[in-house]
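Note that ligands are numbered from 1 as they come in the structure, with each ligand's atoms numbered from 1 the same way. Sequential numbering from 1 along the given sequence is applied to the chain's residues. All values below come from the heavy atoms of this structure, side chains included, with hydrogens, waters and symmetry mates left out.
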Amino acid sequence: MNILIIEDELRIAQLLQRGLEEHGYKTAVAYDGMLGKKLVMQHGYDLVIMDIILPKINGIDLCREIKGIYPDLPIIMLTALGTTDDKLEGFDAGADDYLVKPFDFRELEARIRVLLKRGTTNSPGSGAAVLKAGELEMNLHTRIVKRGENEISLTPKEFKLLEYMIRNKGRVLPRVEIAEKVWDTTFDTGTNFIDVYINYLRNKIDKAYDEKYIHTKPGMGFIFKTD
Ligand code: CA
């Protein structure tokens, strides 16, 4: 397994590199966002670990660019900042997971294992290409989402959230389950960010229509249902 580390702090980059290589991973390091982007384009990495505050291209923009080209390449963001807003921004850019510095190496390694395992079990082409629910249609290959004739533009996380809700339609989904299944993580800062994402999704798929698909079950979670 090949991991690219994009981190401008030499000491942290070396620590990561040494730790990962001790666990049997191959690693490469880029000390700025520009070089990181170049390396991702040139080599087939299995996972990327990147800092948010980076010279030349910051981590949020870089993550968005990489995910636009390689949507399935897992990205873990590292940062000294730890507020919910920063997490949201990172996830909005398409990051798969998030660790706040100083982090525990075993924790990082556990998250890497989860993401790499997901990569091999969710191989493209498995299962149906199009999910349908009511007037909604999600093409999992082209990533095109439509409600009726209207195409809806979703971020990678919104896409994943909607996919999970449709696959589990008719069942109440607790926030903790959504955090675990859609974000592959449990959150130390609570699950308020899920309400934020549910609202993003509602604005895009429900707001302009009479029939609503996403419903809140107070004290329990959310449910996706069609008539
Ligand atoms: Ca930095």
Near the Ca ion (ligand 1), is there an N/O/S atom from I53 that is less than 3.0 Å away? yes
Of all N, O or S atoms in D51, which has the smallest distance to the Ca ion (ligand 1)? OD2
Is the charged tip of R167 near the ring of F224: under 6.0 Å from the six-membered ring centre and within 45° of its axis? no
Contact flag E9/the Ca ion (ligand 1), N/O/S atoms, threshold under 3.0 Å: no
Any ion pair linking K212 and D206 (charged N to carboxylate O, less than 4.0 Å)? no
For the residue pair Y70 / E65, report whether a side-chain donor-acceptor contact shorter than 3.5 Å exists. no
Mind checking whether K146 and L136 have side chains closer than 4.5 Å, heavy atoms only? no
Could you pull out the atom name of the N/O/S atom in D8 that is nearest the Ca ion (ligand 1)? OD1
Backbone or side chain, does E7 get an N/O/S atom under 3.0 Å to the Ca ion (ligand 1)? no
Measure the shortest side-chain to side-chain distance between I6 and Y31 over non-hydrogen atoms and say whether it is less than 4.5 angstrom. no
